[in-house]
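What's counted below: heavy atoms across the whole structure, side chains too, no hydrogens, waters or symmetry copies. Numbered from 1 within each chain, the chains take letters A, B, ... in sequence-line order.
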Amino acid sequence: MSGSYLTLITFIPLAGTVLILLLPRQRVELIKRAAALFSLVPLLLAVAMWAEWGQRAAGAYGMRFLERLEWIPSLGISYLMGTDGLSFPLVFLTALLSFVAVMASWGMIKHREKDFFALLLLLETGMMGVFLALDYIVFYVFWELVLVPMYFLIGIWGGPRREYAAIKFFIYTLVGSVIMLIGILALYFGTGAVSFNMMEIASKAGGMLTWRAQLWVFLALFLGFAVKVPVFPFHTWLPDAHVEAPTPISVVLAAILLKMGTYGFFRISYPTLPDAARAFAVMFAALGLINIIYGALTAMAQKDLKKLVAYSSISHMGFVLLGLAAGTHLALAGAMYMNISHGLISGLLFLMVGAIYDRTHTREIPKLSGLYVTVPVIATVLAFGAFANLGLPGLAGFIAEFFVLAGVFPASVTWVALAVLGMLVVAGFNLWMMQRTLMGEKRAEYAELPDATPLELFTYAPVVALIVILGVAPGLLMRFLDGPAADIVLRLGGM
Amino acid sequence: MTLLEKTMAAAALPPALLENIWLVPALPLASWVVITFFNRRLGERAAHVGTAAVLGSLVLAVAAFVGLLRIGHPVSSGGHWLTLGPVELRMGFTVDSLGAVMLLVVSIVSAAVHVYSVGYMHGDRRYQRYFGTLSLFTSAMLALVLADNFLLLLISWEVMGLCSYLLIGHWFEQAWPRMASMKAFMTTRVGDVAMMIGIWLLFTQTGTFNIADITRSAAEGHLGPAVITIAAVLLFAGAVGKSAQFPLHVWLPDAMAGPTPVSALIHAATMVAAGVYLVARSYGIFMHSAEAMLTVAVIGGFTALFAATIATVMTDFKKVLAYSTVSQLGYMMLGLGVGGFVAGVFHLVTHAFFKALLFLTSGSVSHAVGTFEIHEMGGLARKMKVTFWTFLAGAAALAGIPPLAGFWSKDEILLAVFGSGYHVLFWMAVATAFLTAYYMTRLTCLVFLGRPRDRHRYEHAHESPLSMTGPLVVLGALAVVAGLPGSAWMGHWLGHFLDFGHTLPGLSAAGHDAAAHAAHGAAGHGAAALVMPIAIGSAVLGILVGYAVYGLRLVRRESLIRAFRPIYTLFKNKYYVDELYQVVFVRPSVRLAEMCGIFDNRVIDGLVNGVGAVTVETSAAAGEFDNIVIDGAVNGLADGTVAAGRQLRRAHTGQVQSYMVALYAGAAVSLLALLWFLL
């Protein structure tokens with residue numbers, strides 16, 4: 001089976017969806033187990049790929065595990081899947097957090113379990129496909145495929161304003177992706193309408209598109225990706241979607257969906273249109289800094305714990321944009337590192353917020369107090385997440401921020417100085433949040449809350465462990481990112 | 001095993017240990033892991049785990065010290081850590097004379113505090129958490145003094161900050177610890193980010209984080225003078241935060257909200273000294289910039305005097321000691337800043353012992369009388385003999401009474417300042433020495449001498465148990481003798497041991513001489529003959545004035561306060577720095593955050609919803625068209641999608657479809673336009 005890893009890892013969750021749809025609605029336990037199994041297998045496959053990585057020589061386009069199948073030869077569309085150091089960590093993250101999300105759903109989803117788990121697995125297939133597809137049409141199909149289950153997952157299992165949030169999410173990202181489609185089609189026609197192969201288009205676009213066309217196409221792609229990241233001012237769907245989404249979906253949303261946007265910059269925008277990327281560097285930096293500072297300040301103003309975490313995601317994604325703007329090796333590698341570290345950290349934070357909400361039925365910060373006393377384990381893990389979030393050295397988030405800014409430094413000291421201000425605000429709102437929720441006297445109404453269950457601990461454990469491991473031994477991840485970062489630097493003209 | 005074999009094995013041990021020096025911080029780290037994961041099962045035995053680990057580190061630290069003495073050169077260990085494009089990063093430890101001295105200081109004070117805490121924290125509701133965090137802290141501090149690169153240094157630095165935060169907030173049910181913990185982390189974070197910028201600057205210039213390599217670059221002139229100055233000042237900003245120097249000193253007095261042994265270990269003896277240590281460790285960078293050195297000296301000198309004035313009016317036992325700590329850390333900075341490398345490090349060492357001792361005695365006193373308010377104490381010398389005599393040793397050492405520990409190191413600093421030729425700084429340092437002696441005398445009189453002012457508390461007072469007095473006696477002895485290795489009586493042995501060749505490889509001989517001259521040479525023995533009487537004189541004068549007011553009551557305290565009302569009010573309110581920061585930084589930040597929140601909610605999201613509403617109106621027409629014409633045509637095929645359609649419709653009455661139609665139609669038009677105009 002080693003021949004078709006990528007097809008398997010992408011479509012096994014879909015097989016799970018089909019199987020679950022065939023199971024009787026009442027067999028809830030069976031459905032849960034099936035979902036766990038069908039999300040565990042991709043994780044095991046990802047581990048196997050990791051183990052095999054060194055033995056596989058990089059094939060065409062520097063990709064490993066390549067699979068190619070002609071689909072519509074007349075239009076140059078083929079089922080082309082492959083992975084490299086840029087996408088594989090994201091594939092791994094997707095496999096891990098999808099499994100974590102399924103396990104977290106076991107105890108949290110109390111109605112229409114069959115539909116829920118079927119959609120969650122479908123979502124996993126979509127996300128895997130986005131990171132693995134190397135053909136624009138296949139990529140776009142997966143990109144849109146993600147949208148549909150997400151819409152229903154928020155719209156059906158969400159909070160009180162779920163319909164508003166779901167529609168907002170759907171329309172926002174659809175507008176973005178349609179504009180992106182325009183960009184993709186322009187690239188296709190602009191390079192002679194012979195192939196939708198990402199790599200081939202990337203090698204031709206610079207030479208065949210006029211300068212103005214490059215700028216416009218870059219902008220179109222940018223809008224599509226920017227909505228997903230999300231980049232200010234296209235970000236307001238995110239807090240709403242997060243607040244209304246059920247916990248496991250928030251986890252997937254923050255940890256993986258946002259990364260589709262940044263992945264697009266790394267995989268498509270930058271390598272395909274490097275000159276335009278350089279021309280827009282200052283815009284990237286400005287937007288990145290706005291994300292960092294404005295996101296952090298807005299997070300500080302939130303009374304809802306989940307919104308606070310959502311805005312903090314916006315802030316952290318700003319570091320990715322800033323790293324892209326600088327375009328140095330360290331900054332790019334750090335930005336890719338941020339993709340993964342933020343995925344783990346925000347995922348953990350959403351799990352903890354969900355665990356607290358499950359017990360107290362509130363996310364209002366002013367209504368919470370003394371959680372260190374009432375639920376010490378949950379509170380401690382939340383504190384761990386908050387410190388990881390504020391970039392405590394020794395944890396994954398620090399490595400990302402540190403190397404992004406170390407790489408931005410030669411490009412612009414001003415950007416570094418501003419980003420550092422944002423870091424202070426990030427520290428401020430995380431500490432303030434802990435001060436108000438975890439510390440203090442316990443409240444009478446929450447005096448007798450059950451602490452973390454073994455199942456919950458089982459879901460947190462791998463995420464916590466990875467946050468520590470990636471903070472102490474960054475080489476494990478950097479060895480994947482090093483090559484792609486070097487490639488982009490080369491594309492940008494060795495800045 | 002024969003005696004010969006044993007001796008040979010012992011001789012082989014030091015190099016092996018020095019190459020595996022990671023064991024020293026690893027022991028407490030392991031203790032932290034054990035205590036964290038076996039929290040409930042361990043119960044009060046957590047204290048034993050933590051204490052055993054730190055005692056193990058102490059033994060290893062002593063062995064390392066002896067080993068280094070025997071080998072006579074620094075030993076590095078470590079290996080490859082990370083490859084980033086052209087950059088190869090190593091992670092490792094170096095044991096040199098500065099590191100070995102720090103290892104000893106940290107593990108001795110930490111061991112004393114661990115033993116003391118067994119009794120002091122007995123019955124605390126978060127006993128295990130306390131000892132776990134103490135272990136993690138010790139591990140981080142030990143790693144910090146061994147780190148051979150700025151990255152590992154930064155990691156240990158911040159982990160210590162985390163532990164400090166957790167321990168200040170140990171009793172988080174109360175408001176004061178809650179606020180103080182956050183204030184401590186935030187304030188030091190301000191310095192830390194500046195320090196990070198400094199590290200990035202050095203990294204950009206040299207391509208490495210290794211401290212010895214960067215020092216060498218600086219010595220060989222590969223770094224421009226502006227780069228060195230800016231980088232050094234930025235690094236110093238980190239030290240200002242950690243070592244509570246003006247203007248980032250505000251967190252340390254509040255950090256007294258934590259348990260007292262924590263104040264002794266973290267907020268007096270070790271962590272706050274990390275800033276001083278950082279300057280000493282990167283001395284090879286600092287000394288190539290006169291501007292940076294002067295900055296260190298001025299900030300240090302100012303902080304020393306500034307904090308000493310506040311210490312004279314505080315009425316909380318621990319706050320007096322806290323401001324005293326800020327002041328003494330300033331003293332160390334001043335020493336380093338004027339070129340007195342040995343003097344600064346020397347004072348760091350002696351201060352660690354006697355200040356930890358003083359804090360632990362304050363804990364012993366409050367254990368007995370249940371308060372830290374010194375106006376409710378008095379006469380306790382009669383009831384707490386061990387506590388009193390050890391306190392007296394510490395106070396005299398701090399005041400600079402010969403031949404106690406503080407006298408020698410303070411004298412070295414004064415000598416260095418005098419030799420530097422900055423007269424203002426010298427007289428500020430002398431004034432600080434006077435004030436220090438004064439406020440320590442005041443403290444001694446109010447707490448231990450005279451009549452008890454609170455009968456009830458006095459009646460209940462009792463000497464503390466052996467687990468608390470034992471560490472006091474050990475530290476008391478150190479407060480008496482710890483200055484000798486650096487004193488003239490032992491031929492300035494410490495100074496020779498800390499010799500630059502050991503600590504700062506790559507320094508030019510000229511730099512070496514300049515710094516050595518500042519400490520001992522240039523002004524020669526004539527200066528020493530002048531400075532020592534001034535140092536002793538100011539200390540004695542301080543004691544006399546203090547004793548006259550608080551011991552003999554020649555002047556009534558109230559009339560003194562009345563006479564100096566404006567100054568007294570200024571000192572009492574700590575120069576209103578907290579209030580200033582509240583107005584200038586805290587409140588505007590919170591206000592700005594609130595404005596951003598409102599802006600995001602009303603303006604940006606309002607815009608989005610507005611666009612949405614307009615689109616709904618316009619797409620209604622498209623929807624009609626879609627319903628009647630297109631849906632009509634595909635009705636036959638639609639049955640299969642009814643299920644999905646029903647759910648969609650329930651979610652939002654079919655508007656999604658009309659959006660999509662409109663969107664894709666628009667997209668097609670845009671694409672055509674784009675291709676037409678641009679290709």
Side-chain angles (χ1 to χ4, degrees), chain A residues 152 155 163 166-168 170-171 174-175 178-179 181-182 185-186 189-190 209-210 212-213 216 220 233 236 294 297-298 300-302 329-330 333 370 372-373 387 392-394 402-403 405-406 409-410 416-417 420 423-425 427-428 431-432 435 439-441 474-475 478-479 482 485-486 489, chain B residues 80-87 151 154-155 157-159 162 165 169 172-173 178-179 181-182 185-186 189-190 193-194 196-197 199-201 203-204 589-590 592-600 604-605 607-608 612 615 647 651-652 655-656 659-660 663-664 666-667 670-671 674-675 678-679:
Chain A
F152 288 114
E163 293 181 357
I167 285 272
K168 196 169 174 182
F170 191 88
I171 290 171
L174 187 68
V175 171
V178 167
I179 296 173
L181 181 64
I182 299 171
L185 292 176
F189 290 117
L209 266 64
T210 65
R212 278 183 67 201
W216 280 104
T236 56
Y294 177 82
L297 282 169
T298 315
M300 193 183 258
Q302 302 307 317
H329 187 97
L330 253 63
Y372 271 139
V373 183
F387 273 102
L392 186 80
F402 187 85
F403 284 111
L405 293 183
F409 198 93
V416 173
V420 148
M423 283 168 70
L424 284 179
V425 184
L431 291 167
W432 199 27
Q435 190 197 81
M439 297 178 156
E441 288 286 358
M478 279 296 188
R479 76 187 177 99
D482 210 35
V489 172
Chain B
H80 173 82
W81 186 59
L82 185 61
T83 308
L84 265 172
V87 185
L151 240 164
L154 185 63
I155 292 174
W157 180 275
E158 296 263 350
V159 171
L162 169 72
Y165 163 87
F172 52 71
E173 283 90 346
R178 207 155 62 219
M179 299 299 198
S181 61
M182 179 172 169
F185 199 94
M186 263 327 277
R189 184 85 181 158
V190 172
V193 295
M196 275 198 250
I197 297 179
I199 294 174
W200 290 322
L201 172 61
F203 174 73
T204 306
S589 308
V590 174
L592 184 64
E594 279 167 2
M595 273 156 52
C596 282
I598 293 168
F599 176 77
D600 203 64
I604 298 198
D605 215 24
L607 216 60
V608 171
T615 319
Q647 292 201 338
H652 220 276
Q655 276 170 14
V656 169
Y659 274 119
M660 289 177 70
L663 267 172
Y664 278 102
S670 318
L671 177 65
L674 193 63
L675 291 172
L678 298 175
L679 295 179

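Chain A forms more heavy-atom pairs under 4.5 Å with one residue of B/Val87, B/Leu82, B/Leu592 than with any other, namely B/Leu82. Comparing A/Lys168, A/Gln302, A/Glu441 by heavy-atom pairs within less than 4.5 Å of chain B, the highest count is held by A/Glu441. For the set A/Ala486, A/Gly370, A/Pro474, the entry with the most heavy-atom pairs within less than 4.5 Å of chain B is A/Pro474. The most heavy-atom pairs under 4.5 Å with chain B, out of A/Met478, A/Met423, A/Arg479, A/Met300, come from A/Met478. Between chain A and the options B/Phe599, B/Phe203, B/Phe185, the largest number of non-hydrogen pairs under 4.5 Å is found for B/Phe185. For the options B/Val159, B/Val608, B/Leu84, B/Ile155, heavy-atom pairs under 4.5 Å to chain A are most numerous at B/Leu84. Counting heavy-atom pairs closer than 4.5 Å to chain B, the top-ranked of the candidates A/Ala166, A/Ala301, A/Ala220, A/Pro233 is A/Ala301. No other option in B/Thr204, B/Val193, B/Asp605 has as many heavy-atom pairs under 4.5 Å with chain A as B/Asp605.
The part of B/Leu162 that comes within reach of chain A is its side chain, from C-beta onward, which places non-hydrogen atoms under 4.5 angstrom from that chain. Interface remark: A/Ala406 contributes backbone and side-chain atoms alike to the contact with chain B (heavy atom separation under 4.5 Å). Interface remark: B/Ile598 contributes no atoms to any contact with chain A (heavy atom separation under 4.5 Å). Heavy-atom distances place the backbone of B/Ser589, and not its side chain, under 4.5 Å from chain A. Proximity to chain B (any heavy atom under 4.5 Å) is shown, for A/Ala485, by neither the backbone nor the side chain. Proximity to chain B (any heavy atom under 4.5 Å) is restricted, for A/Leu392, to the side chain, taken from C-beta onward. Residue contact with chain A, scored on non-hydrogen atoms closer than 4.5 Å, involves the side chain of B/Met196 exclusively. Only the side chain of A/Leu330 has a heavy atom closer than 4.5 Å to any heavy atom of chain B. At a 4.5 Å heavy-atom cutoff, the contact between A/Leu181 and chain B is made by side-chain atoms alone. Only the side chain of A/Phe403 comes within contact range of chain B, with heavy atoms under 4.5 Å apart. For a residue to count as touching a neighbouring chain, one of its non-hydrogen atoms must lie under 4.5 Å from one of that chain's; by this rule A/Ile179 does not touch chain B. Both the backbone and the side chain of B/Thr83 come within less than 4.5 Å of a heavy atom in chain A. Contact of B/Ile199 with chain A is made through the side chain alone, with heavy-atom distances under 4.5 Å. For chain A, no part of B/Met595 is nearby; none of its heavy atoms comes within less than 4.5 Å.
For the pair A/Asp482 (side chain) and B/Gly85 (backbone), a donor-acceptor distance under 3.5 Å is present. The backbone N or O of B/Glu173 lies less than 3.5 Å from a partner atom in the side chain of B/Arg178, making a donor-acceptor pair. In terms of modelled atom types and a separation under 3.5 Å, the side chain of B/Trp200 and the main chain of A/Phe402 share a donor-acceptor contact.
In plain terms, the two heavy atoms of B/Ile604 and A/Thr236 that are nearest each other are CG2-CG2, 3.6 Å. Taking all atoms of both residues into account, the shortest heavy-atom contact from A/Met439 to B/Ser181 is CE-OG, 3.6 Å.
Residues that satisfy the salt bridge (charged side-chain N to carboxylate O under 4.0 Å, His left out) test with B/Arg189, not counting sequence neighbours, are B/Glu158. Annotation: salt bridge (charged side-chain N to carboxylate O under 4.0 Å, His left out) contacts of B/Glu594 (sequence neighbours excluded): B/Arg591.
To the nearest 0.5 Å, the span separating CG on B/Leu154 from CG on B/Leu151 amounts to 6.5 Å.
In this structure the side chain of A/Phe170 never reaches within 4.5 angstrom of the side chain of A/Val175, judged on heavy atoms.
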